[in-house]
Participant: 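Before anything else, here's the structure in question.
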Amino acid sequence: MQFSLPFIIRFQLLIFYFCLGFSFYHCHFEKIPEPNINPKDQTQILDSNVFPSHLEWSKIKETVWIHRSFGTFGGKVYSANGLVVLSNKGAVVIDTPWTESQTEELFSDIKTKFQKEVLFLLVTHAHDDRMAGVPLFHNRNIPVYSTSLTAKLAKERGLGKTNPILDIQTRFSLGQESVEVFFPGHGHSADNIVVWLPGTHILFGGCLVKSLDAEDLGNTKEADLNEWPNSVKRVLSRYPDAEVVVPGHGDWGKLDLLRHTIRLLVTPNH
Ligand SMILES: [Zn+2]
C-alpha cells in the first residue's frame with residue numbers, strides 16, 4: 001500500500017505522541033510512594049546488618065515488662081514494644097513481637113524468666129508489628145482478644161483470627177492486678193486501642209502514642225490526622241494519673257509522650 005508523504009509524517013507524529021503519553025502515564029501513576037518514616041527517628045536502626053535477632057526485655061515494675069522486638073518497614077529495621085503483665089494466675093501479653101521467631105522467644109522467656117503460663121493475648125490494632133505472632137498463640141490454644149473492628153481488619157489482612165470480646169469486656173481481673181482496654185477514637189489507625197493497668201498506673205499507648213524522640217508520625221497510611229489529637233486528648237483526660245506511658249515504638253516515659261504526640265499532630269509540616 002502506498003501512502004502520501006504527509007500522511008506518513010502525520011502517522012509517525014501520532015505514534016510519537018502516543019508513546020510520549022504512555023510513558024508519562026506510567027511515570028505519573030506507577031511511582032511507588034516513599035515510606036512515611038523519618039530517617040532520624042530514633043527507633044530506626046540504620047544498618048540492617050545489625051538486625052537484632054533477640055527479643056529485648058525492660059522492667060517497668062516487678063510485674064510489668066516491655067518486650068521489644070525488631071522488624072522491617074520500607075526496607076529499614078525498627079523496634080516495636082509490647083507488654084507482659086504478670087499475676088499470680090499467669091501472664092497476659094499485650095501485642096505479639098514483630099516476627100514469629102521472636103514470638104517463640106517470648107514464650108520460652110516467659111517460661112524461664114518468669115515461670116508463668118500465658119493466659120491470653122490482647123492485640124491493640126490490626127498491623128503486623130502487633131499481630132505477627134498470633135498463629136503461635138493459636139498453636140498453643142491461648143485466647144487472642146481484640147475489638148470487633150480489629151478482628152474484621154485482621155481477617156481481611158490475613159493476620160489471623162481474634163476473638164472480638166473487647167467491645168463488651170473492657171476490664172479483666174487478674175487477682176491483684178487488672179487490665180483495662182479503652183478505644184479513644186481514630187488515630188494511627190481506625191481500630192487503635194490503649195491498655196491501662198490501674199494497679200501500677202502504667203498506660204500502654206501502642207501506636208497511638210509517639211516516643212519523645214520521634215520527630216514525625218511514622219506510618220500514617222491509615223491515620224486520621226484531624227481526629228488523632230482528639231483521641232489522644234481523650235486518653236489524657238481518662239488517665240491523668242498515669243505514671244508510665246509506653247509507646248508502640250521507642251522509649252517509654254511519662255504523660256508528656258501524649259502531649260508530644262499532640263504537638264507533632266498540630267504543628268504544621270509534620
Ligand atoms: Zn500500626
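Index from 1, following the sequence. For ligands, and for the atoms within them, numbers begin at 1 and follow the listed sequence.
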Participant: For the atoms NE2 of H125 and NE2 of H188, give the angle they form at the Zn ion (ligand 1), rounded to 10 degrees.
Facilitator: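 The two atoms subtend 100° at the Zn ion (ligand 1).
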Participant: May I ask you to decide if A214's main-chain N or O and H260's side chain share a donor-acceptor pair within less than 3.5 Å?
Facilitator: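 Such a contact is found between H260 side chain and A214 backbone.
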Participant: Using modelled atom types and a 3.5 Å cut-off, is there a donor and acceptor pairing between side-chain atoms of N81 and backbone atoms of P247?
Facilitator: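 Looks like yes, one N/O pair under 3.5 Å.
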Participant: Of all the N, O or S atoms in H127, which one sits nearest to the Zn ion (ligand 1)?
Facilitator: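 Relative to the Zn ion (ligand 1), the closest nitrogen, oxygen or sulfur of H127 carries the name ND1.
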Participant: Decide, counting backbone as well as side-chain atoms, whether C207 has an N, O or S atom less than 2.8 Å from the Zn ion (ligand 1).
Facilitator: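 Short answer: no, not a single N, O or S atom is under the cut-off.
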Participant: Quick one: does any side-chain atom of T103 pair with a main-chain N or O of T99 as donor and acceptor, under 3.5 Å?
Facilitator: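 Between the backbone of T99 and the side chain of T103 there is a qualifying donor-acceptor contact (under 3.5 Å).
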Participant: Do H186 side-chain atoms and S231 backbone N/O form a donor-acceptor pair below 3.5 Å?
Facilitator: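 Judged by distance alone, no pair lies under 3.5 Å.
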